[in-house]
4 protein chains.
Amino acid sequence: MSVQSFVEERRDAFIAMRRDFHMYPEPGWLEYRSAAKVAARLIELGYDVAIGADVLDLDSRMGLPGDEIMKAAMNRAVEEGADPELVEKMGYGKTAIVATMKFDDDGPTVAFRADMDSNDVIESNEAGHIPADKGFRSRHDKAMHACGHDTHMTMGLGLAEYVATHKKTFKGTIKLIFQPAEEGVRGAKAMAEAGVVDDVDLMFGMHIGFNEKLSNCFACSDHGFLATTKLDAVFHGYSAHAGGSPEKAQNAMLAGCTAVLNLQAIARHSQGASRMNVGVFESGTGRNVTPDVAVLKLETRGATTEINDYMINRAKTIIKAAAEMHDCTYEITKQGETPAGRISDELALEVQKIIEPLGIFKEVPFDYSGGGSEDCAYFLNRVIDNGGKATYMVLGSAIKAPHHNPLFDIDEEDMLNGIIALGAIAEYYLKC
Amino acid sequence: MSVQSFVEERRDAFIAMRRDFHMYPEPGWLEYRSAAKVAARLIELGYDVAIGADVLDLDSRMGLPGDEIMKAAMNRAVEEGADPELVEKMGYGKTAIVATMKFDDDGPTVAFRADMDSNDVIESNEAGHIPADKGFRSRHDKAMHACGHDTHMTMGLGLAEYVATHKKTFKGTIKLIFQPAEEGVRGAKAMAEAGVVDDVDLMFGMHIGFNEKLSNCFACSDHGFLATTKLDAVFHGYSAHAGGSPEKAQNAMLAGCTAVLNLQAIARHSQGASRMNVGVFESGTGRNVTPDVAVLKLETRGATTEINDYMINRAKTIIKAAAEMHDCTYEITKQGETPAGRISDELALEVQKIIEPLGIFKEVPFDYSGGGSEDCAYFLNRVIDNGGKATYMVLGSAIKAPHHNPLFDIDEEDMLNGIIALGAIAEYYLKC
Amino acid sequence: MSVQSFVEERRDAFIAMRRDFHMYPEPGWLEYRSAAKVAARLIELGYDVAIGADVLDLDSRMGLPGDEIMKAAMNRAVEEGADPELVEKMGYGKTAIVATMKFDDDGPTVAFRADMDSNDVIESNEAGHIPADKGFRSRHDKAMHACGHDTHMTMGLGLAEYVATHKKTFKGTIKLIFQPAEEGVRGAKAMAEAGVVDDVDLMFGMHIGFNEKLSNCFACSDHGFLATTKLDAVFHGYSAHAGGSPEKAQNAMLAGCTAVLNLQAIARHSQGASRMNVGVFESGTGRNVTPDVAVLKLETRGATTEINDYMINRAKTIIKAAAEMHDCTYEITKQGETPAGRISDELALEVQKIIEPLGIFKEVPFDYSGGGSEDCAYFLNRVIDNGGKATYMVLGSAIKAPHHNPLFDIDEEDMLNGIIALGAIAEYYLKC
Amino acid sequence: MSVQSFVEERRDAFIAMRRDFHMYPEPGWLEYRSAAKVAARLIELGYDVAIGADVLDLDSRMGLPGDEIMKAAMNRAVEEGADPELVEKMGYGKTAIVATMKFDDDGPTVAFRADMDSNDVIESNEAGHIPADKGFRSRHDKAMHACGHDTHMTMGLGLAEYVATHKKTFKGTIKLIFQPAEEGVRGAKAMAEAGVVDDVDLMFGMHIGFNEKLSNCFACSDHGFLATTKLDAVFHGYSAHAGGSPEKAQNAMLAGCTAVLNLQAIARHSQGASRMNVGVFESGTGRNVTPDVAVLKLETRGATTEINDYMINRAKTIIKAAAEMHDCTYEITKQGETPAGRISDELALEVQKIIEPLGIFKEVPFDYSGGGSEDCAYFLNRVIDNGGKATYMVLGSAIKAPHHNPLFDIDEEDMLNGIIALGAIAEYYLKC
């Protein structure tokens with residue numbers, strides 16, 4: 001059966017699968033239910049499935065939540081239907097899955113990567129927001145699949161099913177990587193450092209969405225990845241009675257506010273795009289107490305590692321000085337990081353030749369540069385460094401609101417087309 | 001028995017009572033366990049006890065928590081030993097108690113006021129902090145008696161017990177007011193508007209602590225109350241992907257930070273003390289999302305109502321402009337307010353003559369101006385407006401850290417002396 | 001002739017004298033024309049006149065202008081009618097005058113002090129502003145007598161004339177101190193350190209104006225002097241092309257703006273009034289060059305020296321951190337300073353008894369606390385330290401706009417009454 | 001004679017000419033001496049020289065200085081050797097020159113443009129700065145040729161001389177445009193609107209310098225021009241005595257500082273480069289007066305007009321809100337503006353073919369994108385709109401410090417090579 005026919009036949013199943021993932025969003029390193037569902041299905045399909053510590057270099061993980069949070073997430077996952085054994089096997093901070101199916105020794109090893117985590121966003125409950133209207137809005141507090149990773153998992157499993165059910169027609173080896181903690185670029189480094197792509201000849205990453213202009217298009221590469229670093233900064237001061245002894249304050253909130261304004265005011269870089277975002281700021285314990293603590297969660301980005309380094313260095317200088325200005329102490333901790341990613345242009349050109357003839361996309365541009373950051377870069381760069389080829393593709397979808405917005409939603413038809421595209425790529429390289 | 005002997009005999013009981021209150025701190029309008037314990041004891045002692053809506057003008061309450069929070073606090077109070085009937089009777093937002101004992105028709109009506117609520121402070125667990133060392137540190141998350149209201153309740157009950165057990169020697173009427181939500185100056189107005197002090201001839205408020213210099217001193221008045229207003233400001237913007245479309249942000253955090261710096265920079269007033277504190281600032285949902293919301297909890301103060309009004313007006317102008325600067329909307333809501341309080345100097349001079357001869361205080365100054373705000377002002381001003389007399393006294397204690405600090409603690413000996421002082425005042429005005 | 005009659009007879013002359021001073025305002029340490037006119041008149045009246053280095057401890061001068069500015073001011077003064085010899089004698093930074101007339105050995109030494117400098121304000125040319133309407137508006141660029149020192153000199157010379165023309169009726173010694181550079185509190189310290197009041201028994205300072213409420217009143221003391229310190233802060237960065245290499249900037253303007261906001265946001269002090277003003281901020285050389293320099297002229301004040309020190313220390317911390325935040329260097333230099341002033345209450349009470357019977361003032365309050373700073377404090381405190389008595393009086397006048405405002409103006413009738421008041425005080429203590 | 005030989009022969013003269021221009025830098029619209037020297041030389045060489053109002057649309061001029069400043073500059077120019085008649089002819093704000101030489105009717109009209117104004121920078125006097133070492137440092141206060149326009153005039157005159165002295169070998173028409181006020185992008189629009197390039201077939205702009213990497217290179221186009229707008233913002237408040245009535249202030253400096261920080265913090269744009277620079281900030285009149293005025297000189301830039309518009313709109317919103325935040329009024333005035341410039345790629349490719357064979361440059365890249373703005377864009381775009389071709393070339397030079405820096409200097413050898421390049425281009429298109 002052709003991949004188009006296969007997807008047509010299974011469309012309801014794939015849509016249901018995506019909606020199930022959507023209802024149970026799990027932040028980075030807490031994807032217990034999602035990963036357990038993924039792993040169970042892959043086992044069922046006959047893949048060799050490696051889980052957790054086998055596919056993670058534990059020291060390379062970044063931005064892990066606390067143990068209590070992980071424990072609670074594990075319990076919740078089981079309550080919500082995850083296989084307890086699989087959850088137990090993952091344990092604290094090890095929600096990574098690699099599925100392999102070897103057809104024969106002749107063909108290449110081709111890898112596809114999907115990510116599984118959700119965003120810290122409260123999903124909209126407005127009429128007109130389809131997940132709300134159709135009853136599959138997030139059931140988890142302050143968590144939402146607002147970046148389409150629910151579709152990434154579904155597309156990965158759709159590809160897995162197509163290949164497994166047609167395995168006699170394939171040669172070589174297929175590798176399916178399901179990565180935790182892409183948000184905050186925290187998870188890929190540990191999988192890459194564990195060597196999971198070291199035997200890979202051809203590496204494919206893909207992302208859905210991006211913006212309306214890309215609606216029903218398929219871009220064969222994204223050369224616009226920004227290098228990024230995620231930092232937490234904490235200021236510690238001294239809290240005094242705001243009416244009775246304000247002069248005794250060491251006001252951590254003023255340190256924080258001064259830092260935020262000056263961080264956003266870091267001079268633009270002439271050599272390319274730079275970014276600064278302080279995404280979270282929390283300070284103070286009570287209205288009539290001078291604030292003795294301020295927490296900032298921020299990120300820098302740069303078109304190149306040099307530009308990102310410039311942003312980090314300026315940020316560190318500003319945070320230090322803001323603390324000293326208000327007689328506070330401070331600490332800065334790194335929560336995530338990724339370099340800019342590389343693309344094999346010839347592979348992207350081949351992809352264009354594979355996808356265009358399918359006739360399912362309005363346009364199939366060689367490149368779309370979205371301006372985001374992606375730790376898929378660790379996989380891409382490692383494969384290329386080892387002599388393989390890699391690209392990162394963009395599956396355009398007419399999203400309703402920007403990524404990470406409470407109203408974010410994709411068109412499920414695009415997801416189905418994504419499975420077809422992945423299947424076509426797999427067939428191109430692995431068909432007997 | 002003299003009040004000194006009485007307190008000596010009951011010292012262990014009063015210390016235990018205070019420590020019990022200390023362990024179960026409850027924020028304003030949530031004092032279910034505290035108030036239920038207070039009421040139960042007063043009933044036991046034979047007082048007429050009015051509770052809840054009988055002693056509150058419901059529309060004058062300020063800064064009420066949400067219903068869910070109140071419900072949870074009621075459940076917790078019962079779990080922690082409060083009488084379920086009393087808790088039920090209080091219901092949502094009605095944790096006020098007035099106890100009256102009428103001895104005869106001849107003497108004056110004398111009222112004493114204690115407050116019951118705790119602070120939003122995480123109590124220290126350091127060695128050397130006595131509540132931690134002796135095992136009576138707060139058992140509630142993010143709540144602490146860091147302003148001594150645990151001792152206020154204990155002193156009120158100590159006085160209640162002394163009077164009740166010696167009632168044959170008294171004339172006139174005693175009234176004991178246990179007020180909710182003094183922190184944030186949210187509770188007194190509703191009790192005063194309900195008329196609970198309208199029959200009062202002499203009104204006494206008192207506070208423990210303030211600073212080391214006052215150690216073992218008793219000040220007969222506090223002329224330094226500041227008028228104050230408590231405001232919440234919320235900024236609403238638009239959240240965009242920080243890497244992909246930063247220019248689409250309406251950055252509520254920048255609005256908030258700009259507001260905070262400019263609020264703290266409001267010009268000092270030449271006609272007297274002014275204060276500004278932004279005590280809480282929370283903004284943003286995720287590191288890589290531009291922040292679409294910022295919440296500020298702030299307070300203004302002034303030596304006079306005019307100065308406080310100046311601060312409020314400047315604050316409103318700044319908040320409005322900060323919102324507009326970042327294309328955000330905003331709202332401001334009032335959470336509490338109190339005028340500056342008035343003092344009857346002749347009453348304070350009488351108190352000096354009552355307390356000095358007790359010989360239990362190092363010094364008994366006429367006045368100590370602490371620079372705080374107190375909604376006891378509503379009681380004081382109303383009694384004086386009705387032709388009565390009122391004062392607010394300071395029971396000095398060698399506190400270990402400023403009020404509202406995680407290390408705040410008082411000397412329990414001072415609390416015991418406070419009961420003696422209150423007993424002596426009651427005897428002076430109400431003894432047959 | 002009584003002092004009233006004397007002033008009535010000479011009223012046109014004194015008004016003309018004041019308007020002449022008003023037309024030629026000279027900033028601190030540049031009062032060459034003013035001081036030369038004063039000295040010439042005092043010599044003419046028969047006083048022993050000491051000038052310049054004889055009445056200045058040169059090392060104690062603060063905030064001197066550059067030599068070129070002083071040279072230009074000297075030339076201008078001569079062009080505008082000052083005696084060249086007197087100007088020459090004063091030389092660079094020595095525009096101080098002390099006139100003494102000894103009547104006999106029996107009486108006390110009584111000193112009066114006037115200041116001579118003007119403000120860096122561009123005088124209004126609006127209709128309705130009397131100096132503009134009547135043609136005696138400032139003829140000097142960016143200089144204006146906007147604090148009434150023109151009347152102070154006139155009143156000093158009026159008193160000098162009355163005493164000199166009636167000297168047979170006086171005993172003891174009169175001393176008339178004409179001080180440079182009161183604005184910025186830069187001049188008094190050097191005169192006090194030179195010992196000019198070390199033989200003084202009774203010391204009188206006086207200021208005209210303050211506000212409308214004081215109109216036609218005479219306050220016998222000012223207990224409200226604030227200690228103050230005047231600082232210059234300079235930030236040095238690096239200027240880059242704003243379009244081509246913004247990331248190379250070390251932006252001194254951002255350092256300066258961050259400092260200004262945080263300086264104004266220094267927490268209020270619970271123990272009394274504090275003040276912060278950054279009065280001047282200049283930064284940058286061109287629109288498309290990132291600013292490599294920023295200059296701030298600021299002042300701190302405090303009700304006590306301790307509070308002023310608190311402000312200075314916080315200011316230094318903030319300026320240092322603001323520089324470091326933007327990779328700039330900085331320096332801070334002190335341009336002026338004065339402690340809070342002391343008052344001999346018994347002397348002020350005597351003054352009240354002298355002035356009230358004159359019947360020329362609406363009210364003669366014991367005290368008016370204006371909230372300013374005055375380096376007359378150096379004279380007052382030194383006389384009191386030496387066992388003498390001192391006070392600082394306020395000659396109320398219905399000013400049209402706040403001091404230092406382009407529309408500032410006093411009522412000349414009040415100035416004439418001021419001469420009468422000074423004459424009455426001199427007669428009280430020095431009349432045979 | 002070849003252009004190489006010509007330049008070799010005249011090298012000392014051209015170097016002397018450049019140093020003369022360097023010594024007498026004149027800001028935009030004040031280039032009286034420079035323009036008069038240029039015009040005199042062109043007349044001498046036989047060109048038709050149009051001056052002032054003949055080559056300017058007067059209403060399209062932007063950012064003119066005041067009349068008094070222009071008058072003073074005219075006087076100074078004459079004192080420094082400019083022809084008084086030429087200066088008089090230019091008059092106020094008309095320092096523009098166009099020289100034309102028509103060889104015959106057959107060939108094309110080819111235009112070259114040079115700019116003449118200097119920067120508001122104080123030139124370094126450090127040892128090692130060649131203009132200081134060799135005695136040709138700026139003799140004008142706060143003015144410096146820190147952007148190489150001294151060499152642009154010299155190269156224009158060098159080209160003019162080569163062509164004029166070889167005119168028999170040329171056909172068509174050459175047009176030499178000497179533009180005032182390029183700094184601040186204020187002058188080109190008025191010349192373009194006057195139609196001076198409306199008959200031009202081929203248009204060449206050129207700039208020296210940019211950075212070290214470009215040393216001894218020649219880039220045939222600059223596709224990186226940024227659109228830009230120059231704005232002045234003035235805040236008006238109310239000045240009060242900083243000690244006596246700080247609460248009466250309407251503090252224009254705080255408005256200004258808040259604006260500066262928030263302007264620099266405008267979010268980066270995802271669609272291309274953006275810039276913000278507040279280059280000048282001046283506020284306040286005296287240390288103890290609250291500042292009642294603040295002046296900001298700023299510029300926005302954008303890779304496209306849309307991005308520049310985004311910056312302007314955000315800037316206006318911020319300035320308005322900053323004024324309102326501090327109860328100030330404000331006004332914003334436009335001082336200069338230019339769109340992004342367009343390039344005829346085929347012309348740039350031809351230039352590459354002309355310049356490379358000269359063998360005098362290390363490299364001759366097709367493009368160098370410097371990140372600056374240039375109102376030469378008005379000429380380029382107008383020629384292209386009329387069907388002609390245009391490019392803007394970069395003559396790389398190993399500059400010692402960034403453009404507009406006090407240590408900026410170029411290598412005079414590069415300037416000599418620039419004359420050769422221009423001569424070669426003229427010969428290519430205009431040689432018989």
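Below, read A as the first sequence line, B as the second, and so on, with proteins coming before strands; counting in each chain starts at 1.
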(request) Please determine if B:Glu299 and B:Lys230 form a salt bridge, counting it only when a charged side-chain N lies under 4.0 Å from a carboxylate O. (result)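 B:Lys230 and B:Glu299: salt-bridged.
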
I'd like to check [X] versus [Y] (side-chain heavy atoms, cut-off strictly below 4.5 Å). Are they in contact?
X: A:Cys328; Y: A:His236; value: no
X: B:Ile122; Y: B:Met144; value: no
X: B:Thr338; Y: B:Glu374; value: no
X: A:Leu395; Y: A:His207; value: no

Quick one: which of [options] has the most heavy-atom pairs under 4.5 Å with chain A, could you say?
options: B:Val280, B:Asp120, B:Leu226; value: B:Val280
options: B:Gln335, B:Arg301, B:Met276, B:Lys248; value: B:Arg301
options: B:Ser369, B:Gly243, B:Ser239; value: B:Gly243
options: B:Ser245, B:Pro246, B:Gly372; value: B:Pro246

Let me know if [X] has heavy atoms under 4.5 Å from chain A in its side chain, its backbone, both or neither.
X: B:Thr258; result: both
X: B:Asn288; result: both
X: B:Val295; result: neither
X: B:Phe210; result: neither

(request) Name all residues meeting the side-chain contact (heavy atoms from CB on, under 4.5 Å) criterion together with A:Leu407; count only those two or more places apart in sequence or in a different chain, and write none if there are none. (result)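 With sequence neighbours excluded, A:Leu407 shows a side-chain contact (heavy atoms from CB on, under 4.5 Å) to A:Ser124, A:Glu126, A:His129, A:Ala401, A:Asn405, given in chain and number order.
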
(request) Under the side-chain contact (heavy atoms from CB on, under 4.5 Å) rule, collect the residues that match up with A:Thr229, sequence neighbours excluded. (result)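 Listed in chain order: A:Leu231, A:Thr300, A:Asn308, A:Ile312, A:Lys334, A:Glu337.
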
If we ignore angles and hydrogens, is there a donor and acceptor under 3.5 Å between the side chains of [X] and [Y]?
X: B:Ser221; Y: B:His223; answer: yes
X: A:His145; Y: A:Asn119; answer: no
X: A:Gln250; Y: A:Asp292; answer: no

(request) Specify whether B:Phe225 and B:Tyr392 have parallel, tilted or perpendicular ring planes, treating 30° as the upper limit for parallel and 60° as the lower limit for perpendicular. (result)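 The rings of B:Phe225 and B:Tyr392 stand perpendicular, inter-plane angle above 60°.
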
Among [options], which residue has the highest count of heavy-atom pairs closer than 4.5 Å to chain B?
options: A:Cys147, A:Gly244, A:Ala294; result: A:Gly244
options: A:Glu183, A:His403, A:Met253; result: A:Met253
options: A:Val278, A:Asn211, A:Val121, A:Thr228; result: A:Val278
options: A:Gly284, A:Ala240, A:Ala273; result: A:Gly284

(message) With side-chain hydrogen bond (donor to acceptor under 3.5 Å, both in side chains) as the rule and sequence neighbours excluded, what pairs involving residues 272-287 of chain A come up?
(response)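 Non-adjacent pairs meeting side-chain hydrogen bond (donor to acceptor under 3.5 Å, both in side chains): A:Ser274-D:Arg268, A:Arg287-B:Asp232.
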
(request) Would you please go through residues 259-266 of chain B and name the residues with a non-hydrogen atom below 4.5 Å from one of chain A, in numerical order? (result)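 So the qualifying residues are B:Val260, B:Leu261, B:Gln264.
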
